[in-house]
Protein chains: 2
Amino acid sequence: MTSLHARIVGEIEADILSGALAAGARLPVEQELMLRYDCSRMTVSKALGELARRGLIDRRKRAGTFVQRPRVHSVVLDIPDLAQEVAARGQAYAYRLVERRIRPPRDAAERALAGAGALLQIDGVHLADGLPLAAEQRLVSLASVPEAADETFDHVAPGGWLLHHVPWTEAETRIAAAGAEGAVAAQLRVAAGTACLVIERTTWRGDAGVTFVRQHFLGAHYDLVARFGPGAR
Amino acid sequence: MTSLHARIVGEIEADILSGALAAGARLPVEQELMLRYDCSRMTVSKALGELARRGLIDRRKRAGTFVQRPRVHSVVLDIPDLAQEVAARGQAYAYRLVERRIRPPRDAAERALAGAGALLQIDGVHLADGLPLAAEQRLVSLASVPEAADETFDHVAPGGWLLHHVPWTEAETRIAAAGAEGAVAAQLRVAAGTACLVIERTTWRGDAGVTFVRQHFLGAHYDLVARFGPGAR
DNA sequence: TCGATGATAATGTATAGACATTATTGCGAC
DNA sequence: GTCGCAATAATGTCTATACATTATCATCGA
């Protein structure tokens with residue numbers, strides 16, 4: 001016996017996550033939701049208030065209620081749009097493609113990501129002021145993001161591109177440290193064994209895998225900062 | 001002109017964070033808050049509902065409303081209680097003290113942490129199944145946590161101890177990678193330059209600094225995993 | 001003594017209505 | 001046209017009330 005406002009939250013959330021309500025779309029006004037769920041305005045408002053506090057929607061007086069664009073998740077780690085971060089540091093950002101190809105999944109983990117389709121593999125290097133900052137190896141599920149096949153990713157980083165082409169995602173991030181080896185060391189132009197911050201992230205949209213990325217950051221040039229607290233949102 | 005329920009949220013939150021309402025303490029019942037704020041029950045309930053959603057309080061029917069114990073913050077990175085984590089992996093956990101001393105702050109950052117008082121410096125090593133997992137250098141502000149001066153930290157790790165002795169905290173975490181050098185390499189029993197995950201965390205209680213800790217994790221033996229998503233709590 | 005049972009005190013959900021606030025929109029004056 | 005202002009449509013807050021739910025507590029009976 002779940003409560004009515006919880007049901008409203010759930011249904012709207014599902015519509016947003018599935019893409020049925022696209023980012024920027026306008027939700028029905030409260031009056032209409034009152035009719036749809038046959039309930040009072042307080043109940044609708046409670047549900048919308050919760051979604052707003054969670055950051056899924058934006059309520060604006062007189063204008064209405066809108067689906068939020070996917071924020072950079074959770075303030076914390078997720079999906080640093082490197083272009084923006086580097087720019088914020090006052091450095092010149094560039095992305096250099098190393099390799100791009102379409103291939104079938106090679107192991108169980110990749111099959112789970114790919115679903116029924118093939119994978120787009122994109123290797124590249126992020127540069128700050130011309131110097132290597134991070135080496136990136138990425139797999140994109142073409143079943144989930146077929147448009148990616150039409151994009152060359154010559155100079156546009158796939159991370160930022162995906163941010164703008166896939167609406168809501170859920171992500172699991174793994175952070176570790178490792179020495180740079182082989183191709184990665186070469187791309188970063190450092191000696192083998194140099195300490196790197198390794199970030200691996202798998203991203204889903206609902207149950208479908210979207211992308212997996214492994215980034216080697218030069219430890220000396222990059223770090224992550226996250227702030228927590230009961231007050232923090 | 002902040003709204004009334006926002007004010008209620010703020011005041012109760014402040015009482016919790018300051019320790020005026022200790023963990024486990026019972027809050028006034030809604031009727032009493034209605035009187036205190038001269039408002040309706042819905043307004044009180046909205047405020048308490050928000051605090052409950054944020055995890056600061058726990059509302060139980062018939063029993064009342066209670067201050068939650070500080071959860072491991074924010075699901076994500078924070079404050080891995082290594083003892084628990086290692087145990088969860090089925091390994092034997094141990095902590096070995098390397099050095100413990102009380103000293104004045106040495107630079108501006110340390111002065112900011114220490115406030116008016118001195119610092120307790122605790123260096124130690126976390127072991128899993130007898131092997132070094134992480135080297136830890138910690139500073140505790142005795143102004144904020146005077147009880148720490150009476151604790152030897154011989155075999156009890158200061159992280160877990162602090163978790164149980166300081167109620168609510170806010171933390172900033174920095175994550176980077178670096179090669180182990182000097183004393184750290186020796187404590188971890190690895191060659192200099194071995195890649196480590198470096199976690200630095202400063203913790204406050206309100207405006208007062210509580211502790212700063214720098215941990216070097218052996219990259220090969222440790223990683224952080226965090227999962228995000230709109231649904232995730 | 002101990003266990004079942006029912007009363008009760010607390011939160012949980014919902015309603016209907018009132019008034020406040022605010023950004024948009026459209027209209028009128030210039 | 002465009003600038004400003006007023007009407008208005010949407011959300012924001014709050015009240016007073018009702019009934020539901022549930023864990024606790026006290027009482028009663030075996």
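Two rings, from B/H126 and B/Y95, have their centers less than 6.0 Å apart.
Of all the residues in residues 42-50 of chain B, B/M42, B/T43, B/K46 reach under 4.0 Å from DNA chain D with at least one non-hydrogen atom. For the segment residues 58-65 of chain A, the set of residues with a heavy atom within less than 4.0 Å of an atom of DNA chain C comprises A/K61, A/R62, in numerical order. For residues 30-40 of chain A, proximity to DNA chain C is found at A/D38, A/C39, A/S40, defined as any non-hydrogen atom under 4.0 angstrom from a strand atom.
Rounding to whole angstrom units, CZ of residue A/R26 and P of D/dT11 are separated by 7 Å.
Among residues two or more places apart in sequence or in another chain, the ring-ring contact (aromatic ring centres under 6.0 Å, His included) test is passed with A/H216 by none. For the side chain to side chain donor-acceptor pair (under 3.5 Å) test, no residue two or more places apart in sequence or in another chain qualifies with A/R62. The side chain to side chain donor-acceptor pair (under 3.5 Å) search around A/Q121 returns A/R103, A/D123, not counting sequence neighbours.
Put simply, the side chain of A/E172 does not reach to within 4.5 Å of the side chain of A/E200, judged on heavy atoms. You'll find the side chain of A/T211 reaches within 4.5 Å of the side chain of A/L162, heavy atoms only. At a threshold of 4.5 Å between non-hydrogen side-chain atoms, the residues A/L119 and A/V140 do not count as touching.
Residues A/R41 and A/L4 each lie close to DNA chain C; by heavy-atom proximity, the contact nearer the 5' end of the strand is made by A/L4.
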> Hey, mind stepping through A/V198 and A/I175 against side-chain contact (heavy atoms from CB on, under 4.5 Å) and telling me if it holds?
Replying inline: CA-CA 6 Å; A/V198 182; A/I175 304 170; over 6 Å; no

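Seen from the ring of A/F212, A/R201 does not count as a face-on cation partner, given the 6.0 Å and 45° thresholds.
Other residues, nucleotides and ligands contribute over 12 non-hydrogen atoms within 6.0 Å of the CG atom of B/D154.
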